[in-house]
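Right, one structure below, let's go through it.
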Amino acid sequence: ATLTMAAVRAQTKFLSTNVLIKPFFSRFCASGSGQEAGEGASQVKKVNQESGQDGSQIKKVEPGGFAKSFIKYTQSSSSKVSEEAPKPSRTFSSLLRNSKLIQLGDPEGKVVEGTVFHVVENDLYIDFGSKFYCVCHRPQRNAQSYVRGARVRLRLHELELSTRFLGSSTDMTLLEADATLLGLIHPPKKTESAKQ
Amino acid sequence: MRLPQPVNNTVPGPAMPFSPTTTLNMATLGKKLFILSVRMGRGLWHRGIVSSSNPVQSAVEPLEKLQESSSDAITEQMAKSLKYPDFFKVAELFTVEDLFNARVHLGHREGSLNDHMSQFIFGSRLSHLIFDLDQTATLLREALNFTAHIAFRGGIILFVGRIPQHQVMIENTAKECGEYAHTRYWQGGVLTNSTIQFGSVIRLPDLIIFLHTMNNVIYEHTAIRDAAKMLIPTVGIVDTNCNPNLITYPVPGNDDSAASISLFCNLFKAAILRGKEKRKELLGVH
């Protein structure tokens, strides 16, 4: 324990800001109970084992970060349900506010990921999660990898190709998005390509 | 987001009156559900809809099985089923989050907006329109409820859609729920001139479900006008560029993405199967 406290003091000498001292103290101090794990996980465990602060706590071992998540995800669902509070219902407004469409902003120039869902000779029909798909020409490089199921990177220009022509009362729409194919991220899985 | 101003404040209701020449069952069913839907429609403006992604559940006391299957008893059972707001619990079939994940809220651009659709729009994001999924959810529940009731009463349901990418999906949906689909070129007199066109007396569909109300191009599907002429109720997915006026149960939503059409197909199929299941169980008729 004395060794660790010395280390803390040495560290705090180098830290000029007060903000950083608190988390360090709480991490290395024996009185801290089950702090958030991660980098200091192993150290927390060590400190709690060694500290003779509370007689009853000597034997107790706080699980580190990995151990905690292991317990959480391998526990049976019945115990999970009783512990966790029911999920709050998400309203449409909140779903929209946190959606990718709003995060995207102006689609011009944004890089997104898409999946090829249809191929007609050298035309690739790519769905990137928007209302419409885009159609791109198969590139020369690595041409044989662009098959149904391939994940590709696109640079968006428009989410919908529609514009008002002279003399018409409504927009004329192509029912397609406009994007440039940048390259391949993932060729399709072997099982998918075997089916084709 | 800037809200486009609504042109008229009323929800489009059914375009045709229910004439006494239709069968008694269909007319009374239609009248009662029309009244319910109009009340719901007016209520949309006057009360704030609490939007939630959890389905609205209604407590339903189950009907007892029929002891004797006489036509009077069947009619009585059918009439009793109308007393429940959600007899088939179609509200459990989807949540607002399901609609959101299937991209139902995405509309076209502001330039192609049909004025009658502006009441269903939540707003626009950089000129791309967004549907108000709370309204969509309410109207979709009404449409599914109506579909299930038609199936419960043994009505013929016709799926119509004219976009080639979704043709096979729509036909398979119809096959899986034992109903009918017409996704090819619509000959003019299919509904209005059926006796001469098919050469014999034809039983017309009791409900037409439009997965796409437009043809490939700018025009509305002929069957919308013809169904209104023949007093056939319609359910239709209407996008921002569609006209919902002649459709009995319009469901505002995206009709261009495969994800949203597949969700709608599955929902209608589920509603029809629920109606048929109850028909077998309660009325003892296939």
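So you know, we letter chains A, B, ... as the sequences are listed, proteins then strands, and number each from 1. As the structure is a prediction and not an experimental result, all values here were calculated from the model.
Residues B:F88 and B:R274 approach most closely at O-NH1, 3.0 Å, considering heavy atoms. B:A174 approaches B:A181 most closely through the heavy-atom pair CB-CB, 3.6 Å. B:S127 and B:R109 get closest at one heavy-atom pair: OG-NE, 2.9 Å. B:L106 approaches B:D239 most closely through the heavy-atom pair O-OD1, 4.3 Å.
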Practice prompt. Please lay out, stage by stage, how B:H212 and B:H166 fare under the test ring pair (Phe, Tyr, Trp, His ring centres under 6.0 Å).
Written response: CA-CA 9 Å; B:H212 301 97; B:H166 308 136; 5.1 Å; yes

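The parts of B:D132 that come within reach of chain A are both its backbone and its side chain, each placing non-hydrogen atoms under 4.5 angstrom from that chain. In this structure, chain A has heavy atoms under 4.5 Å from both the backbone and the side chain of B:H108. Interface residue A:E158: only side-chain heavy atoms are found under 4.5 Å from chain B. Heavy-atom distances place the side chain of B:L126, and not its backbone, under 4.5 Å from chain A. In this structure, chain B has a heavy atom under 4.5 Å from the side chain of A:Y133, while its backbone stays farther away.
Each of A:T173, A:L175, A:L159, A:L101 has some count of heavy-atom pairs under 4.5 Å with chain B, and the biggest count is that of A:L159. When each of A:S162, A:G129, A:S99 is scored by its heavy-atom pairs under 4.5 Å with chain B, the top score falls to A:G129.
The main-chain N or O of B:L263 is never found under 3.5 Å from a side-chain atom of B:N266 such that the two would form a donor-acceptor pair.
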